[in-house]
Amino acid sequence: MNQLSNHFPTAELQNSDAAHHLHPFSDHETLIREKSRVIVRGEGVFLWDSDGNRIMDGMAGLWCVNVGHGRREIADAVHEQMLQLSYYNTFFKTTHPPVVALSEKLTELSPDGFNRVFFAGSGSEANDTVLRMVRHHWAILGRPEKSHIIGRKNGYHGSTVAGASLGGMSGMHAQGGVLSGISHIRQPYWFDEGGDLDPDAFGLLCAKALEEEIDRLGEDKVAAFIAEPLQGAGGVIIPPPSYWPEIGRICRERDILLVADEVICGFGRTGAWWGSETFGIEPDLMPIAKGLSSGYLPIGGVLVKDTVGDVITSGGGEFYHGFTYSGHPAACAAALKNIEILQRERIVERVHDHIGPYLQARWASLGDHPLVGEARMVGLVGALELVPDKPSRKRFANEGLAGGICRDHSFKNGLVMRAVRDSMIISPPLTITEEEVDLLVALVEKTLDDTEHTLRSTGRLSA
Ligand SMILES: *Cc1c(COP(=O)(O)O)cnc(C)c1O
């Protein structure tokens, strides 16, 4: 790969950014002091910063660049669509060809019984749509009191008020509060909370928490349960195999709608088109975003099974909901081309049959490192648990410190890994090659060694 010469005055950009740009999920005091990294180009699995350093994008942007960076044919499709029809809305009995084509394509790719899609501009808006749609659905059926929604602690469903409320991030709840009529049950996080139980027994215990919460509220009051097939932002928490079948049984028996938030898992991340396929989930609604366009333009939506779709479309009058950019033509064109690439290059099959198992095997071997308590992965999304004492699964006293040190070393070594507390996360573009996997794993090994060295030399790792 050739290096990019520096056409960008890094310090000027950083200073201006620090002065005028409020960043998402950032501690601005730290950010202003330490300055932002300026990313100027992307190609395949690589990024370049404004000083010409090449960095492997181990996170596919924010879990979204499934087909890799720099696809000219997506840019061309958007360009052509913008010249033809740059914008028109889909309110007031109007439509346009790209939104029709994308709706048809998505329902063709979805599990049986999913025949409709509602478009939004992001995953957060998709989950706002979920909240309003499930309540509307029960109201049409004459059961408006069936309105409570159950989510999970440490789940992530976006950053709008509804998204943050459905999610179970306590830090987010503390800033701005939680909507009423939403509660959260425990997460199936065996490594942290499983104790002496084997994973399957623990999975069943966590699923039973849903039944207990429904009993507490009364099943005639509960509209839906929402969860990610695997928790992404919560730390790539992969539920034990016993968990989802039991959740499915409970929702069916209690007449509770099941919402699988596919914003990360959808479009191949777990080695199938849907995380629901990988984990054996039969949802009624699937919010989507991220991999839908591989991040080339912002777009999200909710895939709707006939159980809900038939109700919404055959009574209840107008659903007072929608966004100016629902089904934006250029975003639809980007998503259509992205899906065409996923299909033409058989990228999802490749994750399932070949590159997924290849990285999973290499990743598992990282579990031998003295700092790593667990190395887990499904498809091409995984985590390493950093611990001071492997056998006990005990965590570092100062949570997040080791993760932060590891993330900084990783960047220095030319790899984007994300730290969630003391879990290191990767979710690379699905197009990553074997050679690039080897490089990724070598960079992680070096990063773990560097992290161990820093922890030892600062007295945070004794034995
Ligand atoms: C990222 C994410 C969202 C929110 O999507 P935005 O496009 O950032 O609004 C919702 N759900 C899950 C599971 C996510 O990972």
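Computed from a predicted structure; not experimentally measured. Whatever order the structure lists them in is the order used to number ligands and atoms, beginning at 1.
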*Is a donor on one side and an acceptor on the other found under 3.5 Å between the side chain of S293 and the backbone of G295?*
yes
Tell me which protein heavy atom sits closest to [atom], plus the residue, atom name and distance to 0.1 Å.
atom                    : result
atom 10 (C) of ligand 1 : H157 C, 3.5 Å
atom 9 (O) of ligand 1  : S124 OG, 2.5 Å
atom 11 (N) of ligand 1 : D261 OD2, 2.8 Å

Interfacing atoms of ligand 1 (cut-off 4.0 Å, heavy-atom, [X]):
X    : value
I264 : 15 (O)
E228 : 13 (C)
G123 : 4 (C), 5 (O), 6 (P), 7 (O), 9 (O)
Y156 : 1 (C), 2 (C), 3 (C), 11 (N), 12 (C), 13 (C), 14 (C)
N127 : 10 (C), 11 (N)
S122 : 7 (O), 9 (O)

*asked:* Under a 3.5 Å cutoff, is there a donor and acceptor pairing between the side chains of K105 and Q343?
replied: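 The criterion, which ignores hydrogens and geometry beyond distance, is satisfied for Q343 and K105.
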_Check: E213/S183 side-chain N/O donor and acceptor closer than 3.5 Å_ = yes
*Sole residue of V65, V45, L359, N66 in side chain to side chain contact (heavy atoms under 4.5 Å, CB included) with P428*: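 Filter result, single survivor: L359.
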*asked:* Any non-hydrogen side-chain atom of Q187 less than 4.5 Å from a side-chain atom of C206?
replied: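 In short, these two side chains do not touch, never coming nearer than 4.5 Å.
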*Would you mind reporting whether W274 and R269 have side-chain heavy atoms less than 4.5 Å apart?*
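Sidechains of W274 and R269: no contact.
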*Less than 3.5 Å between some nitrogen or oxygen of A289 and one of ligand 1, yes or no?*
no
_Is it the case that the ring center of F118 lies less than 6.0 angstrom away from the ring center of H321?_
yes
*Non-hydrogen atom of K290 closer than 4.0 Å to ligand 1*: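 K290: in contact with ligand 1 (<4.0 Å).
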_As an exercise, state the distance from CG of L384 to CG of L371, rounded to the nearest 0.5 Å._
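It comes to 10.0 Å.
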